[in-house]
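Since we're looking at a predicted model, the values are computed, not measured.
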Amino acid sequence: MKVEFILSLFFQFLIRFNMKPRIKICCISSVEEAKLAISYGASAIGLVGKMPSGPGPIADELIAEIVKTVPPPIATFLLTSETTAEDIIRHQQGVHSSTIQIVDALTERNYALIREHLPSIKLVQVIHVVDESSVDEAIELSDEVDALLLDSGNPKLAVKELGGTGECITGN
């Protein structure tokens, strides 16, 4: 299975090059939680915007308030379910996160427009591992973004699951 092979390569890479994994704590919902996560060694925090389902969404105003309190070099991830480049740009400009985690497919795959308007912002594309085609999607998008995040959601459901499922990725 491709998924198992890729995960195996990833861990071999980390070990071979003595790389320390970076930890992101997601679903932060207050300034206090952000401070606590950072005090325990988080290198990034996830702030969940409006979603069609799942745990953790908070208002954009609260996201912006939390972002203001996070010191560099801690990354602030805006988890956005927006699907157009224009809406993603507007969302980030309202909260000023250092990273955008795009949890759904970007229509027209217009990552260049986001980079043009937000050149210093990191882009992370979520790949929902539903079958082997997910690996192909990850390979196709790998040059467009700064990082890929594999997740167990399912955007093909009537009410999309875009993360926070608590399910393991099995590749089946």
Side-chain angles (χ1 to χ4, degrees), residues 6 9-10 13-14 17-52 54-129 134-135 137-151 153 155 160 162-164:
I6 289 174
L9 285 178
F10 171 73
F13 179 85
L14 288 177
F17 293 100
N18 198 26
M19 296 179 74
K20 178 183 172 189
R22 295 179 44 160
I23 305 297
K24 178 183 74 159
I25 306 298
C26 206
C27 297
I28 298 295
S29 63
S30 69
V31 170
E32 294 75 24
E33 283 184 1
K35 289 179 180 178
L36 184 62
I38 293 165
S39 75
Y40 280 106
S43 47
I45 61 167
L47 304 157
V48 182
K50 182 181 73 171
M51 293 288 154
I58 58 175
D60 287 349
E61 295 79 16
L62 181 54
I63 292 173
E65 179 186 334
I66 295 168
V67 166
K68 287 179 193 174
T69 69
V70 176
I74 308 302
T76 53
F77 279 57
L78 166 64
L79 280 71
T80 184
S81 62
E82 300 295 347
T83 58
T84 68
E86 296 82 3
D87 288 341
I88 290 170
I89 292 164
R90 271 192 293 279
H91 198 181
Q92 191 283 334
Q93 289 175 333
V95 301
H96 306 287
S97 62
S98 62
T99 304
I100 302 169
Q101 182 173 318
I102 304 166
V103 302
D104 202 349
L106 179 62
T107 55
E108 301 178 19
R109 293 192 175 180
N110 199 350
Y111 296 96
L113 182 62
I114 299 172
R115 291 209 183 275
E116 177 184 327
H117 287 272
L118 304 170
S120 65
I121 303 303
K122 300 291 185 195
L123 299 179
V124 175
Q125 178 63 61
V126 172
I127 304 295
H128 299 284
V129 181
S134 305
V135 175
E137 180 184 13
I139 292 167
E140 288 172 23
L141 296 177
S142 63
D143 290 333
E144 302 285 345
V145 295
D146 298 293
L148 298 170
L149 189 149
L150 304 180
D151 202 348
K160 294 179 178 183
L162 299 176

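For the side chain to side chain donor-acceptor pair (under 3.5 Å) test, residues two or more places apart in sequence or in another chain that qualify with Ser98 are Thr76. Applying the side chain to side chain donor-acceptor pair (under 3.5 Å) test to Glu65 and every residue at least two apart in sequence or in another chain returns nothing. Residues satisfying the side chain to side chain donor-acceptor pair (under 3.5 Å) criterion with Thr107, sequence neighbours excluded, are absent altogether.
To the nearest 0.5 Å, the span separating CG on Asn110 from CZ on Arg115 amounts to 12.0 Å. With rounding to the nearest 0.5 Å, the separation of NE2 in His91 from CD1 in Ile102 is 12.0 Å.
You'll find the side chain of Ile66 reaches within 4.5 Å of the side chain of Leu47, heavy atoms only. Counting heavy atoms from C-beta outward, Lys68 and Val31 have side chains that stay 4.5 Å or more apart.
The pair Glu140-Arg109 meets the salt-bridge criterion, with a side-chain N (NZ, NE, NH1 or NH2) lying under 4.0 Å from an Asp/Glu carboxylate O.
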Using the rule given for side-chain contact (heavy atoms from CB on, under 4.5 Å), can you reason through Leu141 versus Leu106, listing the C-alpha separation, both sets of side-chain angles and the distance that settles it, and then say yes or no?
CA-CA 11 Å; Leu141 296 177; Leu106 179 62; over 6 Å; no
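For Lys24, the NZ atom sits in a packed shell: over 12 heavy atoms of surrounding residues, nucleotides or ligands are nearer than 6.0 Å.
Panel note: side chain Thr84, backbone Asp87; a donor-acceptor pair is recorded below 3.5 Å.
For the side-chain contact (heavy atoms from CB on, under 4.5 Å) with Leu123, the qualifying choice from Ile88, Thr99, Ile114 is Ile114, the only one to do so.
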